4 protein chains.
Amino acid sequence: MATPVYSGTRTAQRGRPRDASRDDALRQAALEVMAEVGYRALTMDAVAARARAGKATIYRRWESKLDLVIDTCTQLAHRNLPEPDTGSLEGDLREFLSGFAAFLSGPIGKAAQALVGELPHEPELATAFRDTFLTTQRDVLRRILERADERDELRPEAPRGMAVELAGAALIYRLMLTGDPLDVPFVDRVVEQVLVPLVAKGPQEVSELT
Amino acid sequence: MATPVYSGTRTAQRGRPRDASRDDALRQAALEVMAEVGYRALTMDAVAARARAGKATIYRRWESKLDLVIDTCTQLAHRNLPEPDTGSLEGDLREFLSGFAAFLSGPIGKAAQALVGELPHEPELATAFRDTFLTTQRDVLRRILERADERDELRPEAPRGMAVELAGAALIYRLMLTGDPLDVPFVDRVVEQVLVPLVAKGPQEVSELT
Amino acid sequence: MATPVYSGTRTAQRGRPRDASRDDALRQAALEVMAEVGYRALTMDAVAARARAGKATIYRRWESKLDLVIDTCTQLAHRNLPEPDTGSLEGDLREFLSGFAAFLSGPIGKAAQALVGELPHEPELATAFRDTFLTTQRDVLRRILERADERDELRPEAPRGMAVELAGAALIYRLMLTGDPLDVPFVDRVVEQVLVPLVAKGPQEVSELT
Amino acid sequence: MATPVYSGTRTAQRGRPRDASRDDALRQAALEVMAEVGYRALTMDAVAARARAGKATIYRRWESKLDLVIDTCTQLAHRNLPEPDTGSLEGDLREFLSGFAAFLSGPIGKAAQALVGELPHEPELATAFRDTFLTTQRDVLRRILERADERDELRPEAPRGMAVELAGAALIYRLMLTGDPLDVPFVDRVVEQVLVPLVAKGPQEVSELT
DNA sequence: CGATAATCGAGACGGTACGTCGAGTCTTTAG
DNA sequence: CTAAAGACTCGACGTACCGTCTCGATTATCG
């Protein structure tokens, strides 16, 4: 399910139309509650009360608590992934990863973490979660590497897939596991000490070209 | 809390002593249930029923479901981290990381994942979790790098801390987020494509020594 | 069961002998607790705690809460039913019924009331209860009537059985149902307005004899 | 509390209204369970299961097991006390007491007995109980005597109050204490041997009028 | 005397019911 | 037909009590 469905194919619907502004109010309430108390302690009654809505108004739009939370994250995630194009690999990485780090550091990151524990037992959630938080970000990184490759900045044998995976891993590991801050210095170190050394041509290699 | 405490400092304890064998039976039951249905769906009734115990017997030892699960993981985690010493950096890394990967791939890994969502709202759990799953493993990796350093296998400016962090991040990211398998080929790739290139002296550097 | 049995027929018993003083301490505790909170809210833990005894010490003597309570009442009941013999029907009735009323007004009466609700579902309790609180008192009343009969104080057709039943009913109805006081004026009224008119020869009948 | 109250003074109530049919279903279930296993062994789970109701549905209406049972008895009691008017004291007594005996012999009588033990520790229950099982019946008896008095059937000095008390006592003593049957012969004996002799004018007194 | 055995207080054990609370559904009035 | 409100069933929660069992310590008899 995930996204609220508006009474299907019916063209001329009868009765009071569904109030679309309630969708966002409910998602906002869900996000706030989840950021405050976590996924487990989030209750539908709490969400309904915060949005001054009835529970039926929630269940009319989403099938379950899980469904509400998935959709909330997905919707809010889709507006926050700019794709930089600075002209250099290092610039693109730096810019994209700081943006992603900032995004993860907000309430959506907290919400995402709250969902991790459910992934193994909720295949639908797993799919939605990966689409939202992994795939999109990975695709952007891939395209950054492709553009760098076209600019001939990469070593031929560079482990591109591994680099993409590592970039995400490093950030999310910090965010969810160690609890260390996802700040600019950290992003810089990931770029300078890991990503660039792993995939970019070294100075001697560049000089060899001349 | 975490580990059940047996009447503390009192030397001569009165009344029937706790049956220590119930501790393990309950932890085993908790681990099984959690691996089957996850953390959220784990109920104390289910754990009690599986261990043929009364719920009071659980609550006498652990304050809550969370406390039980923390302790279960901690106890079971402490017996599974051998520290290899093969004489070479690559050998040590390969051996240790495959062991860690195998450990994470079992039920304890599933249990660990189930806990991640609770970390932000349960500081005590966060501490126990990091001690169990992060610190221990990180310290082993550190010592592996130190020994390699003593054998003069590392480049002087090698980002040792980052390498240690990345090793854990790469494994746990796969385990918990992407769902891709933590198999030997993956560990090999992490070692060959990431860790060794980042910290070890390259062939030319070694030859420079001669 | 009812009364604590002391290891049956064995003549030479080994081991530490049972401490007979605990019996009364436990019965006393049980009576106090029951008078305070009633039968339902009486817990074995509370009785044990009040007597500073272990629960096993109770269960070694009585099979169950019910058994303990039955025996407690029975034991305490047996020492309180004097049989008057004043030489006149009215005197005997007055004396006996005031004694019985006083007895019922104490803690034993409260305890007895607490047991009434269990009678239909506990045949053994019912038997013990009737033996203790009904039969004994009824037999005394019967003998009082017999002696009066021998003294030729009764009308030949006097409903002796009904009188006996009514005497008990009147007292216990007040005690347990209406809550009105079981005081001397009430006993007097029962004797003067009910029992004597029902069974004793009237003045004119007595005069007829002359 | 006793009777479920339906949101008091509010005129326009919001939300789904209480399902009044659940009240009776729950009372019926409570009565059945209590008649089967007694008050003490009655569990809320059993009542809920028998009525296919959630426990919350019970607790929404009644504060406790005791409250439920009180209300159950009260409700069911109010429909079973016809007031006879046969034109003669003996006829009225006979008819009323057989009706009351039959009423007490059913499940409601069993339920009433189950409550007796709680009266001393539950003032509210005591009030409700007396209203239901004592006052109503006593008032009917009083009116029967009044009508007999108006018909000049009573002796002037007849102990009217005592007669009323004895009638109830005799029946309830049998029902709850001795366990003897509350059958028609017994009622007849009570009327003929006790009540009529105590209060009605004797034949000689009647003849004196002529 | 030492060994044996049943007692004692204390409290852990398995089990059952408690009264509360949350999930997801249904039913009312109001718009 | 949708909205808010809240009652509905179901099931897990953490607690309390029952009746049993197990501990160390004590107190008797037996050999």
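Letters A, B, ... mirror the listed sequences (proteins, then strands); counts begin at 1. This is a predicted model, so every value here is computed, not measured.
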Participant: Take the protein atom CG of Leu66(D) and the nucleotide atom P of dG19(E), then report the distance between them rounded to whole Å.
Facilitator: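 Rounded to the whole Å, the gap is 11 Å.
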Participant: Expected output is a numbered-order residue list: members of residues 38-51 of chain D with a heavy atom under 4.0 Å from any atom of DNA chain F. What is it?
Facilitator: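 Hits under 4.0 Å, by residue number: none.
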Participant: Can you find a pair of side-chain heavy atoms, one from Gln113(C) and one from Pro120(D), that are under 4.5 Å apart?
Facilitator: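 Side-chain contact under 4.5 Å: yes.
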Participant: Could I get the full list of side-chain contact (heavy atoms from CB on, under 4.5 Å) partners for Thr127(B), not counting sequence neighbours?
Facilitator: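 Checked Thr127(B) against side-chain contact (heavy atoms from CB on, under 4.5 Å); matches are Asp131(B).
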Participant: Can you check the Arg60(D) CZ to dC21(E) P distance for me, whole Å?
Facilitator: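 Atom CZ in Arg60(D) sits about 12 Å away from atom P in dC21(E).
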Participant: Which is true for Lys65(C) with a 4.0 Å heavy-atom rule: it touches a base, it touches only sugar-phosphate, or it touches nothing?
Facilitator: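 Here Lys65(C) touches the backbone only, sparing every base.
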Participant: Establish, with yes or no, whether the OP1 or OP2 oxygen of dT26(F) is under 4.0 angstrom from a side-chain nitrogen or oxygen of Arg16(C).
Facilitator: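 For Arg16(C), the contact criterion (side-chain N or O under 4.0 Å from OP1 or OP2 of dT26(F)) is not met.
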Participant: Does Pro17(C) or Thr57(B) map to a spot on DNA chain E nearer the 5' end, using the closest nucleotide for each?
Facilitator: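 The residue closer to the strand's 5' end, by nearest nucleotide, is Pro17(C).
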Participant: OP1 or OP2 of dA4(F) less than 4.0 angstrom from a side-chain nitrogen or oxygen of Arg22(A), does that happen here?
Facilitator: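 Arg22(A) to dA4(F) OP1/OP2: side-chain N or O found under 4.0 Å.
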Participant: Judged by each residue's nearest nucleotide on DNA chain E, which is more toward the 5′ side, Ala56(D) or Lys55(B)?
Facilitator: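 Looking at the nearest nucleotide for each, Lys55(B) comes out on the 5' side.
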Participant: Tell me, which pairs form a salt bridge (Lys or Arg N to Asp or Glu O under 4.0 Å) where one or both residues lie in residues 112-122 of chain D, sequence neighbours left out?
Facilitator: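 Qualifying pairs: Arg40(C)-Glu118(D).
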Participant: Take atom CG of Leu26(D) and atom C1' of dC8(F), then tell me their distance rounded to the nearest Å.
Facilitator: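 Whole-Å distance recorded here is 12 Å.
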Participant: Answer with base, sugar-phosphate or nothing: what part of the nucleic acid does Ser64(A) contact at a heavy-atom distance below 4.0 Å?
Facilitator: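 Touches sugar-phosphate only.
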Participant: Please report the distance, rounded to the nearest Å, between OH in Tyr59(B) and C1' in dA12(F).
Facilitator: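 Distance, rounded to whole Å: 9 Å.
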Participant: Closest to the Ala53(D) side chain: dA4(F), dT9(F), dG24(E)?
Facilitator: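 Within the option list, the nearest is dT9(F).
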Participant: Go through the structure and list residues passing ring pair (Phe, Tyr, Trp, His ring centres under 6.0 Å) with Phe129(A), not counting sequence neighbours.
Facilitator: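 Partners of Phe129(A) by the ring pair (Phe, Tyr, Trp, His ring centres under 6.0 Å) criterion, ordered by chain and then number, come out as Phe133(A).
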Participant: Do any pairs count as a side-chain hydrogen bond (donor to acceptor under 3.5 Å, both in side chains) and have a residue in residues 47-56 of chain C, sequence neighbours left out, and if so which ones?
Facilitator: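 Those involving residues 47-56 of chain C are Glu32(C)-Arg50(C), Glu36(C)-Arg50(C).
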Participant: Whole angstrom is fine here: how far is it from CZ in Arg61(B) over to P in dG11(E)?
Facilitator: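 Going from CZ in Arg61(B) over to P in dG11(E) covers 16 Å.
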Participant: Looking at residues at least two apart in the chain, or sitting in another chain, which of them share a side-chain contact (heavy atoms from CB on, under 4.5 Å) with Thr72(D)?
Facilitator: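 With neighbours one apart ignored, the set is Arg27(D), Ala30(D), Leu31(D), Leu68(D), Leu76(D).
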Participant: Between dG19(E) atom P and Ile58(D) atom CD1, what is the distance in whole Å?
Facilitator: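 In whole Å, dG19(E) P lies 10 Å from Ile58(D) CD1.
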Participant: Expressed as a whole number of angstroms, how long is the span from Asp19(C):CG to dT27(F):C1'?
Facilitator: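 Going from Asp19(C) (CG) to dT27(F) (C1'), I get 11 Å.
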Participant: In whole Å, what is the span from the CZ atom of Arg18(C) to the C1' atom of dA5(E)?
Facilitator: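 Value for this atom pair: 14 Å.
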Participant: So which one's nearest nucleotide on DNA chain F is more toward 5', Arg52(D) or Arg52(A)?
Facilitator: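 Nearest nucleotide further toward 5': that of Arg52(A).
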Participant: Donor-acceptor pair, Arg22(B) side chain versus Ala51(B) backbone, under 3.5 Å?
Facilitator: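 Yes, the answer is positive, given that a donor and an acceptor are paired below the 3.5 Å cut-off.
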